[in-house]
A.B. asks: 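Before I ask anything, let me first share the structure, which is written out below as structure tokens.
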Amino acid sequence: MFTGIIKDIGRVFKVEKKEGDKKFFISTHLKFINLTTGSSICCSGVCLTIIKRGKNKKKNFFVIAASKETLKKSNIKHWQKGSKINLENALKVSDYLSGHLVFGHIDGTIKVLSIKKQNGSLEFNFELPSWLNKYIVPKGSVCIDGVSLTVNTVNQNNFYVSIIEHTKKETTFSYAKVGDFLNVEIDMLARYVCNELK
């Protein structure tokens with residue numbers, strides 16, 4: 001479980017493909033002690049398992065494997081050497097809940113329709129596909145590429161979120177472009193409420 005508060009921007013420096021799965025080697029500034037083999041790590045919103053760790057040119061790195069299903073559901077299928085990704089270690093029971101509860105179970109990807117500067121912030125306009133419509137509400141929470149965000153405005157086919165200067169600097173939103181597809185996870189509370197109302 002995670003909070004959607006990004007701890008580092010990692011960089012993919014090697015990709016290995018084996019049958020339908022892919023292995024990604026990711027360099028990071030996260031402390032080596034926090035990169036335990038077998039533990040979960042959130043990579044741009046996707047909960048993955050560290051299968052190996054090490055040091056490369058004085059930088060820590062870890063390796064994750066993405067299955068066919070994970071590649072199909074997320075934007076991980078587009079990762080390549082040089083790709084930058086948002087990283088967050090798994091939540092400890094004693095940690096502060098600064099964002100909202102994030103599980104790392106990606107529901108799919110959504111397209112960036114526009115990016116507009118607003119003072120020091122950025123306003124992102126995302127597509128709102130029909131399967132996502134009932135879960136996205138004004139002032140509700142949503143996790144996009146691993147970042148806990150608050151929904152500003154919702155229309156029939158799109159919705160808006162604001163990225164403040166700090167979030168832009170500390171996450172991969174500073175590299176996002178119109179046309180990119182980012183990972184989205186529905187707020188778990190919204191998921192269960194909607195399920196009960198069926």
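Here, residue 1 is the first one in the sequence, and each next residue gets the next number.
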A.B. asks: Out of curiosity, Tyr160 OH to Ser114 OG, how far, rounded to the nearest 0.5 Å?
C.D. replies: 5.5 Å
A.B. asks: Under a 4.5 Å cut-off applied to non-hydrogen side-chain atoms, are Val154 and Leu128 in contact?
C.D. replies: yes
A.B. asks: Would you say the side-chain atoms of Asn152 and Ser162 include a donor-acceptor pair closer than 3.5 Å?
C.D. replies: yes
A.B. asks: Indicate if Ile50 and Ile85 have the same hydrophobic cluster label, given that clusters are the connected sets of ILVMFWY residues with side-chain heavy-atom separations under 4.5 angstrom.
C.D. replies: yes
A.B. asks: Taking the side chain as every heavy atom from C-beta outward, state whether Ile144 and Ile110 have any pair of such atoms under 4.5 Å apart.
C.D. replies: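 Yes; the side chains approach each other to less than 4.5 Å.
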A.B. asks: Show your working on side chain to side chain contact (heavy atoms under 4.5 Å, CB included) between Phe24 and Lys81 and close with a plain yes or no.
C.D. replies: CA-CA 9 Å; Phe24 295 90; Lys81 187 177 178 180; over 6 Å; no
A.B. asks: Of all heavy-atom pairs between Lys22 and Val15, which one has the smallest distance, and what is that distance?
C.D. replies: CD-CG1, 4.3 Å
A.B. asks: If I take atom CD from residue Glu165 and atom OG from residue Ser174, how far apart are they, to the nearest 0.5 angstrom?
C.D. replies: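 Output value for this atom pair is 9.5 Å.
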A.B. asks: Using a strict cut-off of less than 4.0 Å between a Lys/Arg side-chain nitrogen and an Asp/Glu carboxylate oxygen, indicate whether Glu16 and Lys14 qualify as a salt bridge.
C.D. replies: yes
A.B. asks: Cluster partners of Phe61, using ILVMFWY side-chain heavy atoms under 4.5 angstrom, listed by chain and number?
C.D. replies: Phe13, Phe25, Ile51, Val63
A.B. asks: If two hydrophobic side chains count as joined below 4.5 Å and joins carry through other members, does Ile136 share a cluster with Trp131?
C.D. replies: yes
A.B. asks: Answer yes or no: does atom NE2 of His29 have more than 12 heavy-atom neighbours from other residues, nucleotides or ligands under 6.0 Å?
C.D. replies: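 No, because the 6.0 Å sphere around NE2 of His29 holds 12 heavy atoms or fewer from other groups.
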A.B. asks: Between Val112 and Leu182, is there a side-chain heavy-atom distance shorter than 4.5 Å?
C.D. replies: yes
A.B. asks: Ignoring hydrogens, what is the shortest heavy-atom contact between Ala66 and Ile76? Give both atom names and the distance.
C.D. replies: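 Closest approach of Ala66 to Ile76, heavy atoms only: CB-CG2, 4.1 Å.
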A.B. asks: Would you say Val137 and Val102 are hydrophobically clustered, going by side-chain heavy atoms of ILVMFWY under 4.5 Å?
C.D. replies: no
A.B. asks: Do Cys47 and Phe2 have side-chain heavy atoms sitting under 4.5 Å apart?
C.D. replies: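 Yes, their side chains come closer than 4.5 Å.
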A.B. asks: Quick check for you: to the nearest 0.5 Å, what is the distance between Arg53 atom CZ and Phe62 atom CZ?
C.D. replies: 12.5 Å
A.B. asks: State, yes or no, whether a side-chain contact exists between Ile9 and Leu87 at a heavy-atom distance under 4.5 Å.
C.D. replies: no
A.B. asks: Identify the heavy atoms of Gly10 and Ile26 that sit nearest to each other, and give their distance.
C.D. replies: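 Of all heavy-atom pairs spanning Gly10 and Ile26, the closest is CA-CG2, 4.1 Å.
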A.B. asks: Taking all non-hydrogen atoms of both residues, which atom of Trp79 and which atom of Ser83 are closest, and how far apart?
C.D. replies: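 So the two residues come closest at CA-OG, 3.5 Å.
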A.B. asks: According to a hydrophobic-cluster definition based on side-chain heavy atoms being under 4.5 Å apart (Ile, Leu, Val, Met, Phe, Trp, Tyr only), do Leu30 and Ile5 belong together?
C.D. replies: no
A.B. asks: Is the charged tip of Lys55 near the ring of Phe32: under 6.0 Å from the six-membered ring centre and within 45° of its axis?
C.D. replies: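 That pair qualifies as a cation-pi contact.
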A.B. asks: Would you sort out whether Thr28 and Asn60 count as a side chain to side chain donor-acceptor pair (under 3.5 Å), showing the intermediate values?
C.D. replies: CA-CA 6 Å; Thr28 178; Asn60 298 330; over 6 Å; no
A.B. asks: Taking all atoms of both residues into account, what is the closest heavy-atom pair of Ser74 and Thr109, and its distance?
C.D. replies: C-CG2, 3.7 Å
A.B. asks: Please check this pair: side chain of Asp187 against backbone of Ser141, looking for a donor-acceptor N/O pair closer than 3.5 Å.
C.D. replies: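 Absent.
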A.B. asks: Within the structure provided, determine whether Ser148 and Cys143 are in side-chain contact (heavy-atom separation under 4.5 Å).
C.D. replies: no
A.B. asks: Is any side-chain N of the basic residue among Asp180 and Lys177 closer than 4.0 Å to the acidic one's carboxylate O?
C.D. replies: yes
A.B. asks: I'd like to check Leu35 versus Ile41 (side-chain heavy atoms, cut-off strictly below 4.5 Å). Are they in contact?
C.D. replies: yes
A.B. asks: For Asp145 and Asn86, what are the C-alpha separation, side-chain angles and deciding distance, and is it a side chain to side chain donor-acceptor pair (under 3.5 Å)?
C.D. replies: CA-CA 7 Å; Asp145 253 23; Asn86 294 320; 4.6 Å; no
A.B. asks: I'd like to know if Ile106 and Val151 are part of one continuous hydrophobic network [Ile/Leu/Val/Met/Phe/Trp/Tyr, side-chain heavy atoms within less than 4.5 Å].
C.D. replies: no
A.B. asks: Hey, is CD on Gln156 packed in by over 12 heavy atoms from elsewhere, all under 6.0 Å?
C.D. replies: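 Open.
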A.B. asks: When you look at Leu113 and Val178, which way does the side chain to side chain contact (heavy atoms under 4.5 Å, CB included) test go after all the steps?
C.D. replies: CA-CA 6 Å; Leu113 299 178; Val178 172; over 6 Å; no
A.B. asks: Give a yes or no on whether Asn119 atom CG has more than 12 heavy-atom contacts from other residues, nucleotides or ligands under 6.0 Å away.
C.D. replies: no
A.B. asks: Would you compute the distance between atom NZ of Lys169 and atom CD1 of Ile6 and round it to the nearest 0.5 angstrom?
C.D. replies: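 Reported to 0.5 Å precision, the distance equals 15.5 Å.
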A.B. asks: How about NZ on Lys77, more than 12 heavy atoms from neighbouring residues, nucleotides or ligands closer than 6.0 Å, or not?
C.D. replies: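 Counting neighbours around NZ of Lys77, more than 12 heavy atoms of other residues, nucleotides or ligands fall under 6.0 Å, so yes.
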A.B. asks: Compare all side-chain heavy atoms of Glu185 with those of Asp107 and state whether any distance is below 4.5 angstrom.
C.D. replies: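 Answer yes - side chains close enough.
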A.B. asks: If only atom types and distance count, is the side chain of Thr167 paired as donor or acceptor with the main-chain N or O of Ile163 below 3.5 Å?
C.D. replies: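 The answer is no, because no donor-acceptor pair under 3.5 Å joins these two groups.
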A.B. asks: Can you name the nearest heavy-atom pair linking Lys168 to Leu122, along with the distance?
C.D. replies: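 That closest heavy-atom pairing would be CD-CD1, 3.7 Å.
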A.B. asks: Between Glu88 and Thr3, is the side chain to side chain donor-acceptor pair (under 3.5 Å) condition met? List the steps.
C.D. replies: CA-CA 8 Å; Glu88 181 188 358; Thr3 65; 2.9 Å; yes
A.B. asks: Assess whether ring-ring contact (aromatic ring centres under 6.0 Å, His included) is satisfied between Phe173 and Phe124, documenting all intermediate values.
C.D. replies: CA-CA 9 Å; Phe173 275 105; Phe124 273 72; 5.1 Å; yes
A.B. asks: Rounded at 0.5 Å granularity, tell me how far CG in Asp21 sits from CD in Glu69.
C.D. replies: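 If we round to the nearest 0.5 Å, Asp21:CG and Glu69:CD are 11.5 Å apart.
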A.B. asks: Output all residues satisfying ring-ring contact (aromatic ring centres under 6.0 Å, His included) with Phe159, sequence neighbours left out; order by chain, then residue number.
C.D. replies: Phe126
